[in-house]
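Report on the structure given below.
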Amino acid sequence: RSKDLGRNTFHYYNSSMNSDALERMQLLEDLRTALKDDELYVEYQPIVLLETGKIIGAEALVRWQHPKRGLIRPDIFIPLAEKSGLIVDIGAWVLERACRDISGLQSKYFPEFRVAVNVSTIQLKRDDFKKRVKKILADVPISPNSLELEITESELLSDSPEFDESVEQLKLMGISLAIDDFGTGYSNLGYVQKIKVAKLKIDRSFVHGIEGNSDNQAIVRAVHNIADGLIMNTVAEGVENAEELLFLKELGITHGQGYLWSRPVSIKSLIRLLQDAA
Ligand code: C2E
Ligand code: MG
Ligand code: MG
Ligand code: MG
């Protein structure tokens, strides 16, 4: 059994582990070498201004091309990366990649273009996070003002002075912060008030089919009111059709992202998309 599971590695497991657990363990082992074996890459999904439809920036989304299993979605491997701590290196790599790609795009074509990068609270809790970000910004010619970090809470955030310190430092550096998937998971209002981000991203579960769902309408309206009152922007995630768009505009949502405009694409395709729109 262990022979067909492994390559040259030992597997510490016992027969009581179910196949799911075994599979996760195997995947985690593969993830440990994915960075150095060049299996990760980044795609970009446009973020548009709802009023005009103009693309003002993009979100960087990591992908894993596994040599045997093919493409693996971040929803599968990011949780593994978070549990194992690999997210610290993976996250820093994504940030640097995104800064390099977008810095090129800015200098050649669109100087005002913005980029949003996802960061895990696990990264923010590390006291060397600020140093890593500073290093990237020193190496890559990109203005911190065009950089936005999207924070998703993957766990209930207990008091962490390191987290607070990271948030403070990032703001001082001129980087803006957003709360991702707002309204799901562990994000709560006390947290919004405490870290005072610039933007709330409304989770796509509330956006999907909003034109025909009065509960979701009420929720999105409420989130927008909160954001407005605290002088934050709102981005609707997962906008897929014109009916949803119309509704979101009527509610006063300022920014959107979704298949209606574009799926996540390579940096090359993003540049082409922007040139076509210009
Ligand atoms: P997210 O940050 O909320 O990103 C939005 C997700 O919604 C992306 O999934 C995107 O492809 C998908 N999406 C966008 N528009 C639509 C739409 O119109 N319809 C539908 N059905 N889906 C849409 P993706 O790329 O699979 O990423 C999933 C999650 O993985 C992200 O959710 C984020 O939480 C996490 N993730 C991705 N890259 C990174 C990263 O570099 N670091 C960290 N920590 N997490 C990441
Ligand atoms: Mg995000
Ligand atoms: Mg989200
Ligand atoms: Mg998410």
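Heavy atoms only: backbone and side chains are in, while hydrogens, waters and symmetry mates are out. Start at 1 and go down the list; that is how both ligands and their atoms are numbered.
- Tracing side-chain contacts under 4.5 Å through hydrophobic residues (I, L, V, M, F, W, Y), one reaches V239 starting from F206; they form part of the same cluster.
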Dump the intermediate steps for salt bridge (Lys or Arg N to Asp or Glu O under 4.0 Å) on D128 and R126, then the final yes or no.
-> CA-CA 5 Å; D128 61 349; R126 297 271 303 226; 3.6 Å; yes
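- For the 3.5 Å distance criterion, the side chains of N213 and Q217 fail to qualify, holding no donor opposite an acceptor.
- Within the 2.8 Å limit, D181 places no N, O or S atom next to the Mg ion (ligand 2).
- Within ligand 1, the atoms closer than 4.0 Å to a non-hydrogen atom of G238 are 15 (N), 16 (C), 17 (C), 18 (O), numbered from 1 in the order shown.
- At a cut-off of 2.8 Å, N118 is counted among the residues with an N, O or S atom near the Mg ion (ligand 2).
- By the criterion of a heavy-atom distance under 4.0 Å, the backbone of V239, and not its side chain, is placed next to ligand 1.
- Heavy-atom distances between R63 and ligand 1 reach below 4.0 Å in at least one pair.
- Here L71 sits in one hydrophobic cluster together with Y41; the rule is ILVMFWY side chains under 4.5 Å apart, joined directly or through other members.
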Before giving the answer on salt bridge (Lys or Arg N to Asp or Glu O under 4.0 Å), spell out for K201 and E148 the whole-Å C-alpha distance, their side-chain angles and the decisive distance to 0.1 Å.
-> CA-CA 12 Å; K201 297 194 84 171; E148 185 170 292; 6.0 Å; no
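- Some N or O of E237 is nearer than 3.5 Å to an N or O of ligand 1, by distance alone.
- Heavy-atom proximity to atom 19 (N) of ligand 1, evaluated over E240, R73, R263, is greatest for E240.
- Residue T121 comes nearest to T152 through the heavy atom pair CG2-O, 3.7 Å, listed as atom of the first residue, atom of the second, then distance.
- Distances from the Mg ion (ligand 2) to each N, O or S atom of E59 single out OE2 as the nearest.
- Linking Ile, Leu, Val, Met, Phe, Trp and Tyr residues whenever their side-chain heavy atoms come within less than 4.5 Å leaves L248 and L246 in two separate clusters.
- Without hydrogens or angle criteria, E244 side chain to E211 main chain gives no donor-acceptor distance under 3.5 Å.
- In the vicinity of V94, heavy-atom distances shorter than 4.0 Å reach the ligand 1 atoms 41 (O).
- Distances from the Mg ion (ligand 2) to the N/O/S atoms of E150 are shortest for OE1.
- For the pair Q257 and ligand 1, the shortest N or O to N or O distance does not fall below 3.5 Å.
- Remark: the backbone N or O of L105 is not paired with any side-chain donor or acceptor of K108 at under 3.5 angstrom.
- Under the 4.5 Å side-chain contact rule for hydrophobic residues, I231 and F182 do not share a cluster.
- I136 and A92 make their closest contact through CD1-O, 3.7 Å (heavy atoms, listed as atom of the first residue, atom of the second, distance).
- R100 meets the salt bridge (charged side-chain N to carboxylate O under 4.0 Å, His left out) test with E96; sequence neighbours excluded.
- Under 2.8 Å from the Mg ion (ligand 3) lies an N/O/S atom of E237, whether from backbone or side chain.
- For atom 46 (C) of ligand 1, the candidate residues are N118, T152, L149; the nearest heavy-atom contact is made by N118.
- Taking a cut-off of under 4.0 Å to the non-hydrogen atoms of D181, the atoms of ligand 1 that pass are 3 (O).
- The closest approach between P264 and ligand 1 falls below 4.0 Å for a heavy atom of the residue.
- Listed by number with element, the atoms of ligand 1 under 4.0 angstrom from any heavy atom of D180 are 1 (P), 2 (O), 3 (O).
- Looking at R204, R97, Q123, E150, it is R204 that brings a heavy atom closest to atom 7 (O) of ligand 1.
- At a heavy-atom cutoff of 4.0 Å, ligand 1 is contacted by no atom of E82, backbone or side chain.
- The cationic group of R263 lies under 6.0 Å from the six-membered ring centre of Y259 and within 45° of the ring axis, placing it in a cation-pi geometry.
- Residue contact annotation: E59 has a non-hydrogen atom under 4.0 Å from ligand 1.
- Within ligand 1, counting atoms from 1 as listed, the ones closer than 4.0 Å to a heavy atom of Q45 are 14 (C), 15 (N).
- When the heavy-atom distances from atom 31 (C) of ligand 1 to L61, L40, V42 are ranked, the shortest goes to L61.
- D180 contributes atom OD2 as its closest N/O/S atom to the Mg ion (ligand 2).
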